[in-house]
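Please read the structure below before turning to the comments.
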Amino acid sequence: MQQGGGSETEVTWEDQQNINKFGRLNNRFHELEDEIKIAKESNDNLEDASNELILTDEEVVRFQIGEVFAHVPKDEVESRIEQMKEVTSQKLEKLEEEKESVLAQMAELKKILYAKFNDSINLEED
């Protein structure tokens, strides 16, 4: 039964696999965007902490370790914050690379699926 004057195109098993893969990639894309946002916020917070540490006159500062605040020498806190910033930056870089890879795969699948189904399929977000 044909509706709306659109043409009926048979969906093969391979087409369905491509549609499913596109859906999984789209979900991963949104997960990555959320993870990137969190990593950027964490990086900004670490940068703010580092700047505040520069301004303090105290030699021993409170540093949160898990749920507890400990009194730690300022130099040690500075090195810990720098290590944490480096780890967060590397994580952010990996997430950005994965996001680019996912976008490239999605673009390739869009080409394949739109070539076959034209206007019969909508892969764009509203």
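This structure is a prediction, so every number in the text was calculated from the model and none was measured.
- By the side-chain hydrogen bond (donor to acceptor under 3.5 Å, both in side chains) test, Asp15 is found to be paired with Thr12, Lys116, residues two or more places apart in sequence or in another chain being considered.
- Hydrophobic clustering of Ile, Leu, Val, Met, Phe, Trp and Tyr side chains at less than 4.5 Å, counting indirect connections, unites Leu109 with Val11.
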Taking only distance into account, with no hydrogens and no angle test, what donor-acceptor pairs under 3.5 Å do side-chain atoms of residues 96-106 form with protein atoms, sequence neighbours excluded?
from   : atom 1 : to     : atom 2 : distance (Å)
Glu98  : OE1    : Arg28  : NH2    : 3.1
Glu98  : OE2    : Arg28  : NE     : 2.8
Glu98  : OE2    : Arg28  : NH2    : 3.1
Ser101 : OG     : Gln105 : NE2    : 3.2

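- Contacts classified as salt bridge (Lys or Arg N to Asp or Glu O under 4.0 Å) and involving residues 51-70 (residues at least two apart or in different chains) are not found.
- Evaluation of the salt bridge (charged side-chain N to carboxylate O under 4.0 Å, His left out) rule for Glu82 yields Lys85 as partners, not counting sequence neighbours.
- To the nearest 0.5 angstrom, Leu123 atom CG is 10.5 Å from Asn18 atom CG.
- By the salt bridge (charged side-chain N to carboxylate O under 4.0 Å, His left out) test, Asp44 pairs with no residue at all, sequence neighbours left out.
- You'll find the side chain of Gln83 stays beyond 4.5 Å of the side chain of Glu86, heavy atoms only.
- Under the side-chain hydrogen bond (donor to acceptor under 3.5 Å, both in side chains) criterion, Lys110 pairs with Glu124, not counting sequence neighbours.
- Nearest heavy atoms, Asn43 versus Ser89: ND2-OG, 3.4 Å.
- Atom-to-atom distance recorded for Glu10:CD and Phe117:CZ is 9.5 Å, nearest 0.5 angstrom.
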- Go through the steps for Lys37 and Glu33 under the test salt bridge (charged side-chain N to carboxylate O under 4.0 Å, His left out), then give the verdict. CA-CA 6 Å; Lys37 181 181 175 188; Glu33 282 190 323; over 6 Å; no
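- From Ile54, atom CD1 reaches atom OG1 of Thr56 across 11.5 Å, with rounding to the nearest 0.5 Å.
- In the hydrophobic clustering (ILVMFWY side chains linked at under 4.5 Å, chained through shared members), Val68 stands by itself.
- Considering only residues two or more places apart in sequence or on other chains, Glu125 meets the side-chain contact (heavy atoms from CB on, under 4.5 Å) condition with Asn26, His30.
- Side-chain atoms of Lys91 and Leu95, non-hydrogen and from C-beta on, do get closer than 4.5 Å to each other.
- Ile121 places a side-chain heavy atom less than 4.5 Å from the side chain of Ile19.
- Residues satisfying the side-chain hydrogen bond (donor to acceptor under 3.5 Å, both in side chains) criterion with Gln64, sequence neighbours excluded, are absent altogether.
- Val61 belongs to a hydrophobic cluster whose other members, connected by ILVMFWY side-chain contacts under 4.5 Å either directly or through intermediates, are Leu46, Leu53, Phe63, Ile65, Val72, Val77, Ile81, Met84.
- Counting heavy-atom neighbours within 6.0 Å of Glu14 CD, excluding the residue itself, gives a total of 12 or less.
- With hydrophobic clusters built from ILVMFWY side chains whose heavy atoms lie under 4.5 angstrom apart, Val87 does not share a cluster with Ile36.
- The number of heavy-atom neighbours closer than 6.0 Å to CG of Asp119, taken from other residues, nucleotides and ligands shown, is 12 or below.
- Listed by chain and number, the residues in a side-chain hydrogen bond (donor to acceptor under 3.5 Å, both in side chains) with Asn20 are Gln16 (sequence neighbours excluded).
- A distance of 12.0 Å separates CD of Glu41 from OG1 of Thr88, quoted to the nearest 0.5 Å.
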